[in-house]
Amino acid sequence: MDLLSAEECLLIAQRTLKDKDKSQILLLDSQLEAGSNDLMGYMGEYYKLRLIVEDIKDKDRHELDYFIKSLPHKNEPQRAECERKGVFRKESAIYAKILPNVQKYATKKLFPRCFYSRNDILVLEDLTQEYRHLKATESYTLEHYKLVLEHLAEVHAASIAWEEKEQFNIGERYKDVLIELHLSTENSWFMTGLKAIVFLAARHPQYQTVEHQKFIHNKLYNLLTKSEELVTPSRIIRNVLCHRDTWDRNIFFRFGSESSVLPSACCIVDFQLTKYCSPTLDVLFLLYIVASADVRQEIYDESLEHYHISLQSHLIRLGLNGELISRENFLKECQRTRLAALIIWALTEPQTKMSSSISNRLRSQEPEKFDYYLNTDRSEMLLRVMKLQPGYEQTIMSPVKELVDYLMENEHLYD
């Protein structure tokens with residue numbers, strides 16, 4: 001399968017070797033291989049690309065490695081969904097028009113470099129040359145969370161600095177790019193997920209009382225749709241460029257050596273869901289999607305404080321007022337947007353906790369059914385996976401219970 005022409009490959013190599021004379025770069029070979037199963041995404045197919053080139057003048061030979069994200073070719077329903085939502089058009093525009101400008105105000109690498117993009121493909125720096133995911137035997141500690149929060153704080157502060165330098169609003173300038181693809185009533189995945197939350201809540205063993213069932217059937221769905229309002233630009237605090245998808249597979253860590261226990265840096269990938277909105281959404285999504293409920297409860301307050309201190313530090317470094325986002329307003333906004341984080345946790349848990357063997361089999365062998373599961377009705381598939389995967393039901397019920405308990409106690413906040 002030819003994802004890229006020889007001319008495109010040569011252009012990518014020239015952009016990589018930017019200090020070389022472009023006319024002297026000769027493409028010798030290109031090698032494309034599918035990414036491993038653990039790299040499979042719901043919104044694309046992943047590949048590794050190696051270009052072998054020679055500098056004719058210096059007689060230097062270079063082997064250049066890249067990571068490719070492509071519209072799905074093997075799954076037609078998945079491809080149609082990606083094209084309909086415009087996820088690649090959005091991410092390509094973000095890499096081309098927004099991220100390089102944000103990077104200018106940072107002290108470290110914030111994102112992988114993009115060498116080439118079309119509306120159906122992205123050719124990115126291969127972070128695995130220096131960074132990696134945590135291994136199955138490794139766990140997030142408070143220091144890992146702090147490192148990611150510091151990274152997010154620098155992204156947020158850099159986006160504010162760009163706005164202040166050029167005196168414009170990112171959300172307004174790029175309103176046609178930074179569209180909401182996630183928590184939107186126009187997103188069938190989201191609306192199907194909300195119905196699935198109601199379905200799971202109704203069958204939860206602790207919600208079989210008349211009071212609980214009445215709340216679930218009469219109020220829960222309408223309250224869940226309030227999350228769409230929470231991801232629009234805030235009226236309480238300064239809005240920033242938000243990544244909006246900080247789950248563990250989108251976070252890469254760099255370690256000083258093979259024996260290092262703690263990482264020295266991190267980098268984030270995947271900007272299909274990026275929006276201009278409240279910075280609290282990035283902070284809360286990290287804590288709700290990556291941390292377990294017990295860990296989150298233990299580190300929650302300290303994590304919020306650490307993020308805000310880091311944000312202030314970067315704002316001051318950039319010559320800006322450290323109180324552009326005050327601690328008081330930040331904490332108030334965390335309370336307001338917490339519902340969105342709870343809903344994201346409840347929406348994503350059934351997919352992220354489904355075993356890869358089951359998920360990959362369903363996607364490859366039953367693509368139409370899997371598309372139906374994602375975008376129409378999840379009840380049958382959820383019951384099916386519950387039978388196939390021990391402990392699955394208990395796992396996915398945990399966020400549902402915390403979400404319903406929270407809404408029953410705080411319903412007044414979303415009237």
Side-chain angles (χ1 to χ4, degrees), residues 106-108 110 133-134 138-160 227 230-231 234 236-254 261-269 273-275 277-317 322-346 348-349 352 398-399 402-403 405-406 410:
T107 60
K108 58 177 180 285
L110 299 178
H133 289 125
L134 291 191
E138 298 172 319
S139 300
Y140 274 76
T141 67
L142 178 59
E143 297 310 310
H144 288 83
Y145 288 107
K146 285 183 174 181
L147 187 64
V148 180
L149 289 167
E150 290 166 11
H151 192 92
L152 292 172
E154 186 157 10
V155 173
H156 298 163
S159 72
I160 293 176
S227 58
L230 302 178
V231 296
S234 173
I236 296 176
I237 63 174
R238 177 75 176 254
N239 294 289
V240 301
L241 185 74
C242 270
H243 178 259
R244 283 280 304 277
D245 199 12
T246 44
W247 73 299
D248 65 330
R249 305 315 289 174
N250 286 340
I251 303 169
F252 284 76
F253 292 100
R254 187 176 67 200
V261 176
L262 293 175
S264 58
C266 69
C267 199
I268 53 176
V269 301
L273 302 181
T274 295
K275 276 290 298 293
C277 53
S278 169
T280 60
L281 293 170
D282 268 352
V283 175
L284 294 175
F285 283 15
L286 173 71
L287 296 177
Y288 274 89
I289 296 175
V290 179
S292 66
D294 290 342
V295 169
R296 180 173 61 254
Q297 185 175 6
E298 182 180 340
I299 70 171
Y300 188 82
D301 291 339
E302 186 173 353
S303 294
L304 298 190
E305 291 291 341
H306 187 79
Y307 165 83
H308 190 258
I309 290 171
S310 182
L311 177 67
Q312 284 189 314
S313 174
H314 282 297
L315 289 172
I316 292 170
R317 171 183 63 79
E323 289 298 312
L324 278 175
I325 298 178
S326 70
R327 179 179 180 275
E328 178 183 359
N329 283 344
F330 171 71
L331 295 178
K332 184 188 298 183
E333 181 74 348
C334 282
Q335 177 64 19
R336 186 183 76 90
T337 55
R338 186 180 172 194
L339 173 60
L342 278 163
I343 290 174
I344 284 294
W345 181 32
T348 56
E349 196 80 343
T352 59
S398 178
E402 187 167 336
L403 171 59
D405 287 349
Y406 172 80
N410 296 281

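In this text, all values refer to a predicted model and were calculated from it rather than measured experimentally.
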Practice item. With sequence neighbours excluded, tell me which residues meet side-chain contact (heavy atoms from CB on, under 4.5 Å) with Ser313. Key: none

Review point. Salt bridge (Lys or Arg N to Asp or Glu O under 4.0 Å) with Glu143: which residues, sequence neighbours excluded?
Key: none

**Study point:** Within-4.5 Å side-chain heavy-atom neighbours: Ile299 and Leu287
**Key:** yes

Study note, to complete from the structure: By ring-ring contact (aromatic ring centres under 6.0 Å, His included), His151 pairs with (sequence neighbours left out) none

Study note, to complete from the structure: The side-chain contact (heavy atoms from CB on, under 4.5 Å) partners of Ala158 (sequence neighbours excluded) come to Val102, Tyr105

Check your understanding: What pairs with Glu154 under salt bridge (Lys or Arg N to Asp or Glu O under 4.0 Å), at least two apart in sequence or on another chain?
Key -> Lys108, Arg317

Exercise for review: Not counting sequence neighbours, which residues clear side-chain hydrogen bond (donor to acceptor under 3.5 Å, both in side chains) with Glu150? List them please.
Suggested key: His306

**Study point:** By salt bridge (Lys or Arg N to Asp or Glu O under 4.0 Å) - contacts of Glu298 (at least two apart)
**Key:** none

Check your understanding: Taking only residues two or more places apart in sequence, or in another chain, which ones meet Thr274 in a side-chain hydrogen bond (donor to acceptor under 3.5 Å, both in side chains)?
Key -> none

Review point. Looking at side-chain heavy atoms only, is the closest gap between Ser234 and Asn239 below 4.5 Å?
Key: yes

Point to revise | Heavy-atom closest pair, residues Ile251 and His133 | key: O-CD2, 3.3 Å

Check your understanding: Are a donor atom and an acceptor atom from the side chains of Ser398 and Glu349 found within less than 3.5 Å of each other?
Key -> no

Exercise for review: For Asp282 and His156, test the side chains for any donor-to-acceptor distance below 3.5 angstrom and give the result as yes or no.
Suggested key: yes

**Study point:** Close side-chain approach of Leu262 and Leu147, heavy atoms under 4.5 Å
**Key:** no

Practice item. Measure the shortest side-chain to side-chain distance between Thr352 and Trp247 over non-hydrogen atoms and say whether it is less than 4.5 angstrom. Key: yes

Revision key, fill the gap. Of all heavy-atom pairs linking Leu142 and Ser303, the shortest is CD1-OG, 4.2 Å

Review point. Are Phe253 and Tyr140 close enough, and set up right, to give a ring pair (Phe, Tyr, Trp, His ring centres under 6.0 Å), and what steps lead you there?
Key: CA-CA 11 Å; Phe253 292 100; Tyr140 274 76; 5.6 Å; yes

Study note, to complete from the structure: Applying side-chain contact (heavy atoms from CB on, under 4.5 Å) to Glu402 and not counting sequence neighbours gives Tyr288, Ala293, Arg296, Arg338, Leu342, Trp345

Review point. Looking only at heavy atoms, what is the nearest atom pair of Arg244 and Leu273, with distance?
Key: CB-O, 3.4 Å

Review point. Which pair of heavy atoms, one from Cys277 and one from Cys242, lies closest together, and at what distance?
Key: SG-CB, 3.6 Å

Point to revise | Test item: His314 and Leu311 side chains (from C-beta on) under 4.5 Å apart, heavy atoms | key: no

Check your understanding: Can you tell if the side chain of Val290 reaches within under 4.5 Å of the side chain of Thr246, non-hydrogen atoms only?
Key -> no

Point to revise | Residue pair Ile289 / Ile344, side-chain heavy-atom distance below 4.5 Å | key: yes

Check your understanding: Can you tell me if CD on Glu305 sees more than 12 non-hydrogen neighbours from other groups inside 6.0 Å?
Key -> yes

Point to revise | Evaluation steps, side-chain contact (heavy atoms from CB on, under 4.5 Å), between Asp248 and Leu134 | key: CA-CA 8 Å; Asp248 65 330; Leu134 291 191; over 6 Å; no

Review point. So, Ser278 and Thr337: side-chain donor and acceptor under 3.5 Å apart, yes or no?
Key: no

Check your understanding: Who are the ring-ring contact (aromatic ring centres under 6.0 Å, His included) partners of His308, not counting sequence neighbours?
Key -> Phe330

Study note, to complete from the structure: Sorted by chain and residue number, the salt bridge (Lys or Arg N to Asp or Glu O under 4.0 Å) partners of Arg238 (sequence neighbours excluded) come out as Glu163, Glu164

Check your understanding: How would you list, by chain and number, every residue that makes a side-chain contact (heavy atoms from CB on, under 4.5 Å) with Ser264, sequence neighbours excluded?
Key -> Arg254

Review point. Heavy atoms, side chains only, cut-off 4.5 Å: are Leu304 and Cys334 in contact?
Key: yes

